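Worksheet for the structure shown next.
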Amino acid sequence: MADQQGHANQAHVLFENFVAAKTCKEVRQTFAELCRHLEVDPKDYQHFYIRLKERLNFWKAKELWQKIDKRASHPDYEQGKTCAKTKCLVLGAGPCGLRTAVELALLGARVVLLDKRHSFSRNNVLHLWPYTIRDLRNLGAKKFYGRFCSGSLDHISIRQLQLILLKLVLLLGVEVHMGVKFNGLVEPQESGATGWTASVHPPSRPLSSYQFDVFVSAGGGKFVPAGFKIKELRGKLAIGITANFVNRHSAAEAQVQEISGVARIYNQKFFQNLQTEMGIDLENIVYYKDDTHYFVMTAKKHSLLKKGVIKQDYGDAEQLLAPANVSQEALLRYACDAARFSTGGKLPELEFALNHAGQPDVAMFDFTSMHRAENASLVRERRGQKLLISLVGDCLVEPFWPLGTGIARGFLAAFDAAWMVRSWAKGVPHLQLLAERESVYQLLSQTTPENTSKNHSAYSIDPRTRYPNVNLSSIKPKQTPCDAWQT
Ligand code: FAD
């Protein structure tokens, strides 16, 4: 009896360690310990969550199960039966890859997710639309991260969001491989003998031989798989600067007001004063208080030149912002001055937080040219084996950070992709499926909190619950990019 109690207590401790884990490595380690202790096999993805629930009789876990069960009971998932035979590979453990993996797991699919990074290190803070806050709350985000969107806060650091979602996907039986680079798809070798696989580095037996019929790329802005065309949208020169300062969570820091996106046209005086007093000329600035004090601003070229941040003027944005043409020291000063001025000097001791490389976390980015994929998905067929490829997140549409659309639109696309995988598993003809996906994709770049459905509690993977008046057949099957290569 005492032994049993000891075993249960130990399980509770391990569960709490898992919930509280603060790094990617710690999450995976504590999860493995919990599974070992409870003798549940995470590879048994179809039964894993149920077994875990049965064996972990702990009130804190039950609160989480209730949330997950509520979501999982949505009729769209058809009790996880629809995709029971679907095998998915998700590329990228960014927020959008992880969020897509949650949905695919709820649909009952086998989901394997890989990422070339070993850790989650991005301090930068993401703006959340009200629906994303509701979505994450409903999935138990607050159980994993107590400070999640407390009060009126509508943002979260990228790494905290990844941690929450990583914990969730693991509980749902998703197989996660970190430190593994995806090098490309490997076509089926012989008719019927093997399916689609992935070339990965370092080569790993179980992963290289994993055969899948759905590939979701959530590899971020720089990774778009072969076969997709990218559209470049060139605007006027836009130089973004992000800066993170240490948050000591002191009373004085708590008093400082956040700046939720002030654009020049709305507060001319503030920007004028910033220019006159500091020589800093900005288009806009955002300040969020999170794990760090995070600032993102769009700076005008002439003031960066004047302050010595950019050494020499070039017409080409790439040349202009090349590392050799940027003075890191002057950039730190510029970011620090902008942060101090915009918070009225109230942030005491501005000390830069460090990035993954141990350097002050300040960076300058070029938003002059933004990219988006022409199509959201395609189907490839080789030797009789079909593969559905779907893009989500930044690799579908690159977001303009100061507007903070990355997560909101990224999650919408994650749901849309999951809806398409559901139709795929149901055997909907692929031209029709692609046409439907493209019809929905057309709406994505125009979405705002105002023109998407206000009934957030009704949001599901079905696009009709989110986009009012969506026409799922605005694109006809014959207009789709079906890249069905036969041999
Ligand atoms: P990401 O979060 O970029 O994740 C992509 C993942 O794919 C990465 O973990 C990457 O390691 C992995 N990957 C890529 N290629 C491979 C491969 N070949 N093999 C294996 N894994 C691979 N947005 C804001 O709103 N404000 C900001 O300040 C801000 N700062 C950012 C800073 C950086 C450095 C980056 C990269 C992005 C930033 N963003 C910011 C964008 C924001 O992070 C994304 O909109 C959001 O994270 C959703 O992105 P995602 O999941 O689609 O891709």
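Order of listing sets the numbers, starting from 1, for every ligand and every atom in it. What you see is a predicted model; the values in this text were computed from it and never measured.
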Mark the output for Gly410 as yes if a heavy-atom distance to ligand 1 is under 4.0 Å, and as no if none is. no

Tell me which one of Val180, Leu114, Asp115, Ile158 gets a heavy atom nearest to atom 12 (C) of ligand 1. Asp115

For the residue pair Thr465 and Asp462, confirm or rule out a side-chain donor-acceptor distance under 3.5 Å. no

Between Arg466 and Ile461 (side chain of the first, backbone of the second, donor and acceptor by atom type, cut-off under 3.5 Å), is there such a pair? yes

Will you find, in the side chains of Ser250 and Glu253, an N or O donor that is under 3.5 Å from an N or O acceptor? yes

of all protein heavy atoms, closest to atom 21 (N) of ligand 1 is Lys116 N, 3.0 Å

Output the distance between atom CG (Leu347) and atom CZ (Phe245), rounded to the nearest 0.5 Å. 8.5 Å

Centre-to-centre under 6.0 Å for Phe182 and Phe215, is that the case here? yes

Rounded to the nearest 0.5 Å, what separation is found between the OG atom of Ser377 and the CG atom of Leu433? 7.0 Å

Side chain, backbone, both or neither: which applies to Arg122 and ligand 1 if a contact is any heavy-atom pair less than 4.0 Å apart? side chain

Look at atom 25 (O) of ligand 1 and say which protein heavy atom is nearest, naming residue and atom and giving the distance to 0.1 Å. Leu126 CD2, 3.5 Å

Under 3.5 Å, is there a donor on one side chain and an acceptor on the other for Ser369 and Glu232? yes

Considering heavy atoms of the protein only, find what lies nearest to atom 46 (C) of ligand 1 and give residue, atom and distance to 0.1 Å. Ile407 CD1, 4.0 Å

Atom 51 (O) of ligand 1: closest protein heavy atom, distance to 0.1 Å, is Cys96 N, 2.9 Å

Of all the atoms in ligand 1, which lie at a distance below 4.0 Å from a heavy atom belonging to Gly406? 45 (O)

Let me see the working for Asp213 and Arg110 under salt bridge (Lys or Arg N to Asp or Glu O under 4.0 Å), right down to the final yes or no. CA-CA 10 Å; Asp213 59 332; Arg110 175 165 182 206; over 6 Å; no

If you scan protein heavy atoms around atom 4 (O) of ligand 1, the nearest is Gly94 CA, 3.4 Å

Measure from the side-chain N and O atoms of Arg99 to the backbone N and O of Leu165, and report whether any donor-acceptor pair falls under 3.5 Å. no

Just checking, is any N or O donor in the side chain of Ser445 or Arg372 under 3.5 Å from an acceptor N or O on the other one? yes

I want to know whether Trp401 and Phe365 have ring centres closer than 6.0 Å. yes

Going by the atom numbers of ligand 1, which of them fall below 4.0 Å from some non-hydrogen atom of Gly393? 52 (O)

Using a 3.5 Å cut-off on N or O atoms only, is Pro399 in polar contact with ligand 1? no

If we number the atoms of ligand 1 from 1 as shown, the ones under 4.0 Å from a heavy atom of Pro95 are 2 (O), 47 (O), 51 (O)

Answer with yes or no whether the side chains of Asn247 and Asp291 bring together a donor and an acceptor at under 3.5 Å. no

Nearest neighbour in protein (non-hydrogen) for atom 18 (N) of ligand 1: Phe182 O, 3.1 Å

Does Tyr294 have a non-hydrogen atom less than 4.0 Å from ligand 1? yes

The protein heavy atom nearest to atom 30 (N) of ligand 1 is Asn124 ND2, 2.9 Å

Would you check whether Thr242 has a nitrogen or oxygen atom less than 3.5 angstrom from a nitrogen or oxygen atom of ligand 1? no

In terms of its nearest heavy atom to atom 5 (C) of ligand 1, the top option of Gly92, Cys395, Gly240, Ala218 is Ala218

Please state which part of Phe223 comes within less than 4.0 Å of ligand 1, counting heavy atoms only: side chain, backbone, both or neither. side chain

When you check the side-chain N and O atoms of Asn123 and Thr292, is any donor under 3.5 Å from an acceptor? no

Heavy atom of the protein closest to atom 32 (C) of ligand 1 (residue, atom name, distance): Trp401 CH2, 3.3 Å

At less than 4.0 angstrom from any non-hydrogen atom of Gly220, what atoms of ligand 1 do you find? 3 (O), 5 (C), 53 (O)

May I ask which of Asn355, Leu391, Asp394 has a heavy atom nearer to atom 52 (O) of ligand 1 than the others do? Asp394

Any Leu91 heavy atom less than 4.0 Å to ligand 1: yes

